[in-house]
Amino acid sequence: MSLKITDIEKWLREDRSHTVDPNYYHLMLKEEPSDRALIIKQLKKLYYEAHEDYRRHFRSLMRYSLDPLNPSDEKDPAYGYPELLDMTTLKGYFGEVFGAIIAENFAPFNEKTWKVPAFFFRNHHQAFDALEKYKRTGKIKKATMGRTGDDCLAFVMDTKGSIKKVLFCEAKCSAAHKKTLVDDAYEKISDSMPIPVETLRIIDILEDYDDEESAKWVIALRQLYLEDKPSCERFDLISYICGQHPIKTKTWISNNKISPLYTGGRKLKVVESHLFDIDTFICEIYEKAVVSKP
């Protein structure tokens with residue numbers, strides 16, 4: 001799927017900073033609320049498609065055995081996904097997809113060919129458990145544990161089908177500024193993995209599809225996994241979405257020097273996105289409402 005969004009530069013105004021450290025980059029994206037209408041339909045479609053692998057995967061387990069004489073939404077393994085999940089979980093989902101949007105639309109590290117080959121939502125087993133319990137009991141968890149592993153991954157593949165660059169993205173999303181979230185992002189993105197822990201999971205996901213593009217990524221990712229010393233370069237990205245905008249300073253995160261909490265020793269880019277009324281926005285994107293058990 002393509003994550004390109006028409007007119008995104010009108011909705012999110014860029015403010016790039018010159019930093020002291022040549023390996024540190026800071027970008028602030030400031031929402032223009034009046035231009036949200038330009039992109040909302042595209043965003044809703046994109047977010048729906050980002051979660052479609054989850055629906056497709058779990059529905060395939062039924063092998064078309066849903067009872068046609070007694071149809072029921074509750075027999076659908078993907079019923080309520082993801083709109084019935086709690087807001088904390090949806091903010092996490094929103095942030096992960098937003099990180100992928102940044103990768104493909106804002107050319108981190110001056111690279112315009114980043115590609116996100118898959119999302120990993122089918123592996124969020126806690127969300128599946130929560131929805132299964134809801135279908136049987138009518139009760140939904142107030143908070144679902146997050147998924148382990150990388151939030152978002154983008155790659156650059158050369159014309160020979162080899163992966164040359166890997167972008168690790170740690171995504172955070174909050175209505176109010178929380179320094180602890182930023183600190184946690186620095187800690188997680190500092191890990192020393194040369195290739196993603198999600199590599200085999202991406203292959204597993206893409207093997208469910210029979211298109212040429214998916215097959216090409218499977219071959220490239222297998223090659224990457226089997227390399228003793230991966231030749232690709234790793235880049236790190238922190239995407240921090242915040243609904244509370246700073247007053248005394250321009251940004252919440254330093255836009256001129258790298259935090260001592262980051263110990264990765266690689267090129268790091270922080271993208272700080274200031275959006276408005278985040279909870280309402282996410283509910284609109286996911287069409288979330290208070291839904292009672294039918």
Side-chain angles (χ1 to χ4, degrees), residues 1-15 27-52 54-55 80-106 116 119-121 124 127 130-131 140-144 146-147 151-152 169-182 184-185 237-247 250-253 270-291:
M1 62 179 287
S2 173
L3 300 175
K4 296 291 186 180
I5 298 177
T6 305
D7 292 326
I8 193 171
E9 73 283 352
K10 295 180 181 178
W11 174 51
L12 297 175
R13 308 296 171 87
E14 297 183 54
D15 188 348
L27 170 64
M28 182 173 72
L29 298 176
K30 187 78 172 180
E31 181 184 21
E32 181 56 52
S34 61
D35 288 328
R36 185 180 284 185
L38 294 173
I39 52 82
I40 190 66
K41 287 185 178 179
Q42 294 180 73
L43 273 183
K44 291 179 72 171
K45 181 175 183 293
L46 188 154
Y47 271 82
Y48 183 89
E49 291 176 351
H51 291 280
E52 186 59 18
Y54 177 104
R55 302 183 190 93
Y81 180 82
E83 68 275 4
L84 288 184
L85 295 170
D86 60 280
M87 280 301 296
T88 298
T89 299
L90 291 183
K91 284 177 184 175
Y93 287 172
F94 181 84
E96 291 182 36
V97 179
F98 200 84
I101 291 171
I102 288 172
E104 292 199 15
N105 288 272
F106 290 97
V116 177
F119 290 99
F120 319 125
F121 298 123
H124 190 191
L131 290 173
I140 193 75
K141 276 189 172 184
K142 292 183 179 179
T144 305
R147 181 182 54 80
D151 285 348
C152 170
C169 175
E170 184 64 29
K172 301 294 182 183
C173 177
S174 179
H177 173 55
K178 295 180 180 178
K179 184 177 179 298
T180 53
L181 288 180
V182 179
D184 182 66
L237 174 73
I238 292 176
S239 170
Y240 180 53
I241 304 169
C242 190
Q244 180 183 357
H245 305 173
I247 298 175
K250 188 177 182 180
T251 61
W252 291 117
I253 303 172
V270 171
V271 180
E272 186 175 336
S273 303
H274 296 170
L275 306 185
F276 290 86
D277 200 6
I278 283 180
D279 285 5
T280 301
F281 187 32
I282 291 175
C283 285
E284 183 177 7
I285 291 292
Y286 283 114
E287 299 184 351
K288 180 176 177 60
V290 179
V291 180

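The figures here come from the full heavy-atom set of this structure, side chains too, leaving out hydrogens, waters and symmetry mates.
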Using every non-hydrogen atom in the two residues, find where [X] and [Y] come nearest and quote the distance to one decimal.
| X | Y | result |
| --- | --- | --- |
| D279 | K91 | OD1-CE, 2.8 Å |
| A171 | D151 | N-OD2, 2.9 Å |
| H177 | Q244 | N-OE1, 2.9 Å |
| E14 | L29 | CG-CD2, 3.7 Å |
| I140 | L84 | CG1-O, 3.5 Å |
| F276 | F281 | O-CB, 4.4 Å |

Could you check if a side-chain atom of [X] sits within less than 4.5 angstrom of a side-chain atom of [Y], using non-hydrogen atoms only?
| X | Y | answer |
| --- | --- | --- |
| K172 | C242 | no |
| V116 | C152 | yes |
| V270 | V182 | no |
| F106 | I8 | yes |
| I285 | Y93 | no |
| I40 | W11 | no |
| F98 | C173 | no |

Could you tell me the separation between the [atom1] atom of [X] and the [atom2] atom of [Y], rounded to the nearest 0.5 Å?
| X | Y | atom1 | atom2 | answer |
| --- | --- | --- | --- | --- |
| W252 | K178 | CH2 | NZ | 13.0 Å |
| I102 | I238 | CD1 | CD1 | 11.5 Å |
| E96 | H51 | CD | NE2 | 8.5 Å |
| E272 | D15 | CD | CG | 10.0 Å |
| K30 | E32 | NZ | CD | 10.0 Å |
| H245 | K250 | NE2 | NZ | 14.5 Å |

Taking [X] for the side chain and [Y] for the main chain, is one N or O donor matched with an acceptor at less than 3.5 Å?
| X | Y | value |
| --- | --- | --- |
| E31 | R36 | no |
| N105 | L3 | yes |
| K288 | L85 | yes |
| Y47 | Y286 | no |
| D35 | L38 | no |

message = Please check if the number of heavy atoms outside K10 that lie under 6.0 Å from its NZ is greater than 12.
response = no

Crowded around K44 NZ? As in, over 12 foreign heavy atoms under 6.0 Å? yes

Note to self: Assess the residue pair L43 and F94 against the criterion (side chain to side chain contact (heavy atoms under 4.5 Å, CB included)); give the C-alpha distance rounded to whole Å, side-chain angles, the decisive distance to 0.1 Å, and a yes or no.
What the structure shows: CA-CA 11 Å; L43 273 183; F94 181 84; 5.7 Å; no

